[in-house]
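What follows is a single structure, written as structure tokens, with notes after it.
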Amino acid sequence: MRSTAIWALLGFAEVIAAASVPKGFEHLTVRRADEHAASMRKREIRLQRHQRQLEAYSRNTMDPTMMENHASVLDAAKEMETSALRRRADASSGGSAPMDDLYSAGVDIGYSANVSVGTPGQVFTMVPDTGSADLWIPGSTSDDPGHNKFTTSSSSTFQSTSQKFSDSYGLGAASGNVGRDSVQFAGFTVQNKTFGVATTLDSQFQQQFNDGIIGMSSSVLSNMSAYTFFEDLIQNKQINNPYFSVFLVRGRQYSSGATDALIGGSTICLGCMAQTTNVQTYGSMFYVPITLFAFYEVQVSGISLNGNALSSTSHLGIIDTGTTDMILPTRVAAAMMAPVNGQLQRDGSYIVPVSSIGTTTQFTFNFAQGSININPLDLIAGYADSSRRYYLMNVYASDTQDPNGSLISILGDVFIKNALTVFSYSQNGSPAVGFQQLNANSQSDTSSVAIVTQTYSPGVATSGTFRQTGTRTGVTVTGTQATASGSRSGATGKMDMRWLGMSVAMLAGGLVGAAFVL
């Protein structure tokens, strides 16, 4: 009887807490201890992986051939920009690929696109990652029953090499052999593309939603001493403009109450501007020069809160599509979180009283050339515990360094969702990142958005990839389930979203840095 009364009181408390949730915050869920513990284990993987990136940079910058190749691609990009200006090349002339947002427990875990490898093509779900340079996929001999795997013998154009690769990512570690084959992405084909075929994948990677990685940073970070797919397009003059752009949707705006879903509508456009259908942009696109072109590293002048500049927030930042969160130098994180009564936890995470953040809370990242406002809901991962008195933030403290030893932030999807973002190899002759503010409250054209709830068990073989292409139509949502009609490439995959809810924090770190929901 007493137990029944206690549960009744707890239930009543939950009802009271739910009733007090501010409008717009209804999607937030309680982050379980196992989710957070898993994310902290990922932190160490992230740190190891970042160190490997620095080692690759150090090694490649000492290699005359690699540096000649790097200079060559930058020269080709400059020439392409000049030619595009003379011809007034259309900013929409290029190739775009739709991306799906894996949305689980109120968090946008990551964004993936279809990439085809081999002849005939074998389709894989990959994360376009501006925080890394290499392309790799699981091989047929790898002990990974939960992902699509590349069968080299089934491709008539595959070429093996004697080169080996080993990479550690925020989503796990992989090692194997380097090969060459035809690779298709966003409507473009690169012949004899160098990539990794993983023969060994650790258990953590085997539990992730993506099959592999397609690196989009500078090849100076390559562990395979190879151009990136985008650099190949520049060198081969397959595109008219030396940039690619990204537009990311927010799962909460389309989930219609579903806590777990694959949500379409995001886009990556190679050599063109991504379309933000029905999503309003503000002001003009502004470009921030890249300070060190390995990652997409730019100077952040400072951070403001509701128009008031916060001291000690100037820093260098990496713009990284492969990271879910926002990872800041310790001093910057402290200065940003102090005005909202943020409390630093031992693992580098922050919690903030629910009374300190509302829909009108406005953090702004300022650059010399312009500024980007951040939707406060993007900064919140969920409630820190069942009391629902604190939010667990998507902001983490870590004194991570760039190749020059300078402290940097890693501005992942939490930041990128707020701006149409352009990664340019040549803007007025120099590499730069462009931003244009997006209206956080507007939505994409729903005819291009699909919401699909699927099932998947880690370690159990799937029959295809979790990817949709073409125009999504007929979106139907009922309760927590959602289906969509439209064209679909690859076979049908199955994903256990209940399991995903348990591992949100493991995934949330992204590829390059979610350390700390890592």
Side-chain angles (χ1 to χ4, degrees), residues 95-100 102 110-129 132 134-161 163-165 167 169 171-172 174-201 205-216 224 226-230 232-233 238 262 268 270 454 456 458-470 487-495 511:
S96 65
M99 294 193 293
D100 286 334
L102 178 57
Y111 299 81
S112 60
N114 267 6
V115 178
S116 177
V117 182
T119 307
Q122 300 173 44
V123 180
F124 299 89
T125 297
M126 297 194 195
V127 173
D129 180 17
S132 65
D134 293 320
L135 188 161
W136 63 263
I137 49 179
S140 59
T141 61
S142 63
D143 183 18
D144 179 20
H147 288 96
N148 296 302
K149 297 188 286 187
F150 183 62
T151 302
T152 59
S153 60
S154 297
S155 174
S156 62
T157 49
F158 178 76
Q159 304 172 49
S160 62
T161 73
Q163 187 179 353
K164 305 292 183 181
F165 87 96
D167 274 314
Y169 286 84
L171 291 181
S175 61
N177 304 309
V178 175
R180 298 187 183 92
D181 209 334
S182 172
V183 175
Q184 296 181 343
F185 178 46
F188 294 104
T189 299
V190 173
Q191 305 292 348
N192 300 317
K193 175 65 191 151
T194 299
F195 66 99
V197 181
T199 56
T200 301
L201 295 164
F205 181 82
Q206 291 182 25
Q207 295 176 350
Q208 311 313 319
F209 72 100
N210 58 302
D211 296 323
I213 308 297
I214 180 165
M216 304 293 288
M224 301 179 194
Y227 284 130
T228 66
F229 184 88
F230 185 69
D232 281 324
L233 297 184
Q238 292 176 259
L262 283 175
I268 181 170
L270 308 185
Q454 303 182 5
Y456 165 70
V460 177
T462 65
S463 57
T465 60
F466 314 120
R467 183 75 196 108
Q468 301 179 74
T469 60
S487 61
R488 189 177 180 83
S489 68
T492 301
K494 293 187 175 181
M495 180 171 282
L511 306 170

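Values reported hereafter were calculated over all heavy atoms of this structure, with side chains retained and with hydrogens, waters and symmetry mates removed. Everything quoted here is computed from the prediction, not taken from an experiment.
Judged by distance alone, the side chain of Q163 and the main-chain N or O of G196 form no donor-acceptor pair under 3.5 Å. A side-chain donor-acceptor contact under 3.5 Å links D211 to the backbone of T125. For Q122 (side chain) and T151 (main-chain N/O), a donor-acceptor pair under 3.5 Å exists by modelled atom type. No donor-acceptor pair closer than 3.5 Å links the side chain of T200 to the backbone N or O of A174. The backbone N or O of Q184 lies less than 3.5 Å from no partner atom in the side chain of S116, so there is not a single donor-acceptor pair.
Screening I213, V117, N114 for a side chain to side chain contact (heavy atoms under 4.5 Å, CB included) with M126, the sole residue that qualifies is V117.
The minimum heavy-atom distance between V197 and G139, with the atom names listed, is CG1-CA, 3.5 Å. Taking all atoms of both residues into account, the shortest heavy-atom contact from M216 to I268 is CE-CD1, 4.1 Å.
Of the N and O atoms on the side chains of N210 and S112, not one donor lies less than 3.5 Å from an acceptor on the other residue.
Proximity of L135 to M224: side-chain heavy atoms (C-beta onward) are nowhere separated by under 4.5 Å. Contact annotation: the side chain of I214 approaches that of F185 to within less than 4.5 Å [non-hydrogen atoms, C-beta and beyond]. For the pair V183/T189, no side-chain contact is recorded, criterion being any heavy-atom separation below 4.5 Å from C-beta on. In this structure, the side chains of Y227 and V190 stay at 4.5 Å or more apart for every pair of heavy atoms. You'll find the side chain of L270 reaches within 4.5 Å of the side chain of F229, heavy atoms only.
Annotation: the span from T199 atom OG1 to K149 atom NZ amounts to 11.5 Å, rounded to 0.5 Å.
No close placement of the F195 and F124 rings is indicated, their centers lying 6.0 Å or farther apart.
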